[in-house]
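See below for the structure under consideration.
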4 protein chains.
Amino acid sequence: MTRKEAILKAAIQLFAQRGFHATSTSEVAKRAGVAEGTIFHYFKTKEGILMYLFEEIMDSYTEGIENILKKATSGMEAIEELIRFHFRFGEQRSQELKVVMRDFPSNLIEFGSPFREKVTERLSRIMDVTKECIERGLKDGSIRDLSPEETSFIIQGILIGVSRLKLMGPLRVPNLSSQVIDLCRRGLAKPN
Amino acid sequence: MTRKEAILKAAIQLFAQRGFHATSTSEVAKRAGVAEGTIFHYFKTKEGILMYLFEEIMDSYTEGIENILKKATSGMEAIEELIRFHFRFGEQRSQELKVVMRDFPSNLIEFGSPFREKVTERLSRIMDVTKECIERGLKDGSIRDLSPEETSFIIQGILIGVSRLKLMGPLRVPNLSSQVIDLCRRGLAKPN
Amino acid sequence: MTRKEAILKAAIQLFAQRGFHATSTSEVAKRAGVAEGTIFHYFKTKEGILMYLFEEIMDSYTEGIENILKKATSGMEAIEELIRFHFRFGEQRSQELKVVMRDFPSNLIEFGSPFREKVTERLSRIMDVTKECIERGLKDGSIRDLSPEETSFIIQGILIGVSRLKLMGPLRVPNLSSQVIDLCRRGLAKPN
Amino acid sequence: MTRKEAILKAAIQLFAQRGFHATSTSEVAKRAGVAEGTIFHYFKTKEGILMYLFEEIMDSYTEGIENILKKATSGMEAIEELIRFHFRFGEQRSQELKVVMRDFPSNLIEFGSPFREKVTERLSRIMDVTKECIERGLKDGSIRDLSPEETSFIIQGILIGVSRLKLMGPLRVPNLSSQVIDLCRRGLAKPN
DNA sequence: GATGAATGAGATTTCATTCAT
DNA sequence: GATGAATGAAATCTCATTCAT
């Protein structure tokens with residue numbers, strides 16, 4: 001493991017557990033087994049670690065959902081796969097996701113931040129893909145007549161919120177993925 | 001306006017805008033027009049402001065949804081009212097809610113915090129009310145056969161997530177409330 | 001002695017001795033007998049101490065030379081008094097002057113600095129007074145035909161340079177003041 | 001251009017512009033197009049660059065004024081040539097001179113520094129040459145009865161101060177050299 | 001000779017909190 | 001109750017320097 005990886009690993013663990021603000025760079029360095037200065041050698045600032053993390057995970061997520069869109073045979077199926085992917089992703093990378101969920105919004109909003117652009121770009125890409133799924137479903141008749149814009153917003157809201165509740169809280173809910181899929185399917189499917 | 005109220009008002013504005021961590025007590029004092037010491041006279045710590053805010057808003061929210069439960073004629077109607085109330089509440093108290101959404105989870109998890117108990121108690125009360133709605137719907141036949149536990153979890157997830165997206169992001173979606181209601185109704189209603 | 005004064009006194013001593021950059025705020029605090037934070041309570045930044053010092057000494061100097069201009073009976077006499085005042089001032093406030101001479105130019109040039117304006121304003125005031133002396137001497141016939149602009153520049157250069165050499169170096173020269181006056185008088189006086 | 005020269009060139013530019021303390025070795029390395037380690041290969045420390053610079057420029061200056069002394073036909077002429085040389089030198093090597101003026105005194109005084117000796121040795125050599133000019137003028141009757149010690153001190157002060165004002169400030173004064181010469185000639189020449 | 005990743009000491013600054021008035 | 005000067009612990013970040021390659 002390179003030093004950079006060690007720093008990232010340590011940061012993810014600590015940020016997920018205690019939060020970004022409550023974690024000091026000296027703690028990260030200690031856990032990573034490197035000198036504190038090394039952190040700043042690789043990531044210019046403490047926020048830089050968060051940024052790197054965010055970009056990395058967002059790119060990975062975006063790539064995943066873009067693949068789904070390519071493979072899916074219908075709009076509704078795409079939505080289902082999207083949800084399935086979302087929860088699978090959340091399980092595989094729960095730590096990183098926790099960090100992003102915990103500490104992200106703060107920076108999202110800060111206007112001066114050099115993040116802002118990158119972040120909003122990624123987020124809107126995610127929203128776009130969801131919208132495209134809906135639009136396809138409208139065309140192929142698998143989804144009922146709904147505004148793609150608004151519906152994709154709600155779908156994203158559902159995924160974020162449910163994941164949040166799951167990641168942050170102590171409650172364990174089995175089959176979350178399939179239950180959300182069922183609910184969404186009934187909500188979106190064309191009435192017969 | 002009493003000094004305490006002035007402090008709260010200032011804190012809400014600043015915490016909502018910049019976040020809890022990025023706001024200093026001196027800024028709060030300045031905006032409130034009181035001495036810094038006064039803050040600590042009313043709220044023992046800086047976190048104490050957040051705690052007070054949280055309790056106040058949570059109690060208000062809990063009271064609201066408990067009333068709904070009393071008035072509703074069916075489980076499904078209760079759920080609908082719940083959603084309606086949620087978004088109305090979010091609009092009326094958007095600032096406070098933003099604060100809670102922005103900065104809450106961090107403290108939620110901190111184990112040592114004296115908050116933890118109070119917070120979890122309130123949150124589980126909210127979850128319980130949602131569950132009771134579902135349970136009533138199961139009994140009165142307005143809601144299809146679903147696990148109350150899991151479904152209430154998802155409903156809460158939806159509300160939190162969609163509100164979050166709405167409060168934090170720049171997108172404006174009209175009729176969010178009724179669209180979410182529609183989706184949930186189709187998702188929960190008994191098939192005929 | 002108030003805390004602020006104690007900080008200033010300590011800072012002057014240390015900056016004069018070791019230079020601004022080589023002195024840490026912790027050293028200043030220690031010598032002043034205050035907590036390090038107290039420094040930042042009174043002067044927002046470390047540079048702020050230098051700024052305060054500079055303004056204070058420049059105002060004092062400017063006031064001094066403006067008085068001379070009022071009292072002097074001829075231009076040449078004004079110049080003489082100016083030089084006399086300059087060296088007297090340098091002796092009375094040698095420490096502060098040393099600080100200014102040692103560490104000032106760096107900031108003078110920095111463009112972004114909030115200092116710049118204040119500094120240049122003061123410096124040009126000093127230059128202006130010198131120029132007025134020359135101009136008066138031209139009118140009253142006590143000074144030979146010389147460009148006021150250029151001559152005042154040279155006079156200021158002389159004063160700065162000679163003081164610098166005196167303050168910084170180990171050499172002790174007696175009667176510096178009167179020797180400089182003699183040299184300048186011969187250099188400026190109208191040939192008879 | 002060798003690596004060493006590239007480093008020196010970069011250092012001169014940056015030190016002159018931003019000052020020694022505000023320039024990091026990494027910036028110097030970047031501008032010079034070498035690795036940071038290379039700097040320390042050629043100059044043992046960061047201060048070493050300044051030292052090298054200083055020695056080089058001082059030797060060049062000293063050599064120049066020593067030649068003048070040899071060629072001059074009278075003491076007064078030597079002084080005049082000295083001044084002429086000083087300003088010519090200042091124009092040819094303004095950047096280096098700026099560095100020396102900006103950042104030198106700080107180190108001059110530091111007692112522990114290995115510089116100190118070299119520096120004071122060079123400075124006193126310059127002072128000595130000036131004194132010799134005066135002494136010669138006293139003998140050959142071109143300079144009026146003045147203390148060589150004190151007068152050379154003043155002459156040096158004038159040169160340093162006027163150059164400083166010229167190099168550091170924004171003011172442009174034409175014919176500075178000849179004006180200073182005129183003033184000094186009148187100040188030093190034997191009354192007829 | 002040349003590199004540049006890694007270091008770690010140290011610097012400035014922030015800020016919640018206290019407490020004498 | 002109200003103040004705000006004073007604190008000091010802790011945090012982020014810089015940077016000259018080293019050293020294995």
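Chain identifiers are assigned alphabetically (A, B, ...) following the order of the sequence lines, protein sequences preceding nucleic acid strands; residue numbering begins at 1 within each chain. Nothing here was measured: the structure is a model prediction, and the numbers come from that model.
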Name the closest nucleotide to the [X] side chain, picking from [options].
| X | options | answer |
| --- | --- | --- |
| H41(D) | dT17(E), dG1(E), dT13(E) | dG1(E) |
| S24(A) | dT12(F), dA16(F), dT17(E) | dT12(F) |
| T25(D) | dA2(F), dA16(F), dT12(E) | dA16(F) |

Between atom [atom1] in [X] and atom [atom2] in [N], what is the gap in whole Å?
| X | N | atom1 | atom2 | result |
| --- | --- | --- | --- | --- |
| H21(A) | dA10(F) | NE2 | C1' | 16 Å |
| E27(D) | dG4(E) | CD | C1' | 17 Å |
| F43(A) | dT14(F) | CZ | P | 15 Å |
| K46(D) | dA9(E) | NZ | P | 20 Å |
| E5(A) | dA5(E) | CD | P | 16 Å |
| I7(D) | dG1(E) | CD1 | P | 11 Å |
| F20(B) | dC15(E) | CZ | C1' | 12 Å |
| L50(A) | dT12(F) | CG | P | 13 Å |

Practice problem: Hunt down any stem DNA chain E takes part in, defined as 3 or more consecutive Watson-Crick or G-U pairs whose two distances are each under 3.5 Å. | Solution: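 Stem list for DNA chain E: E:2-21 with F:2-21.
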
Quiz item: Do any of residues 28-40 of chain A sit with a heavy atom less than 4.0 Å from DNA chain E, and if so which?
Solution: V34(A), A35(A), G37(A), T38(A)

Quiz item: Can you find a pair of side-chain heavy atoms, one from K46(D) and one from F20(D), that are under 4.5 Å apart?
Solution: yes

Quiz item: Side chains of R164(C) and R164(D): closer than 4.5 Å at any heavy-atom pair?
Solution: yes

Quiz item: Between K44(B) and R3(D), who's closer to the 5' end of DNA chain E by nearest nucleotide?
Solution: R3(D)

Quiz prompt | For L53(D) against V99(D), the heavy-atom pair lying closest together | solution =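 Taking every non-hydrogen atom into account, CD2-CG1, 3.7 Å.
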
Quiz item: How far apart are the closest heavy atoms of R18(A) and A22(A), and which atoms are they?
Solution: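 Distance-wise, the nearest heavy atoms are O-CB, 3.3 Å.
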
Name each donor-acceptor pair under 3.5 Å that joins a side chain in residues 29-37 of chain B to protein atoms two or more places apart or in another chain, with its distance.
{"residue": "R31(B)", "atom": "NH1", "partner": "Q13(B)", "partner atom": "OE1", "Å": "2.5"}
{"residue": "E36(B)", "atom": "OE2", "partner": "T25(B)", "partner atom": "OG1", "Å": "2.9"}
{"residue": "E36(B)", "atom": "OE2", "partner": "S26(B)", "partner atom": "N", "Å": "3.4"}

Quiz item: Considering the options E55(D), R93(D), E96(D), which one meets the side-chain hydrogen bond (donor to acceptor under 3.5 Å, both in side chains) requirement together with S60(D)?
Solution: R93(D)

Quiz item: Contact class for T23(A) (heavy atom, under 4.0 Å): base, sugar-phosphate, or nothing?
Solution: sugar-phosphate

Quiz item: For L97(B), which residues count as a side-chain contact (heavy atoms from CB on, under 4.5 Å) partner, sequence neighbours excluded?
Solution: I57(B), F89(B), L167(B)

Quiz item: Who passes ring pair (Phe, Tyr, Trp, His ring centres under 6.0 Å) against Y42(D), sequence neighbours left out?
Solution: none

Practice problem: Please list, chain by chain and in numerical order, all residues satisfying ring pair (Phe, Tyr, Trp, His ring centres under 6.0 Å) with F43(A), sequence neighbours excluded. | Solution: Y52(A)

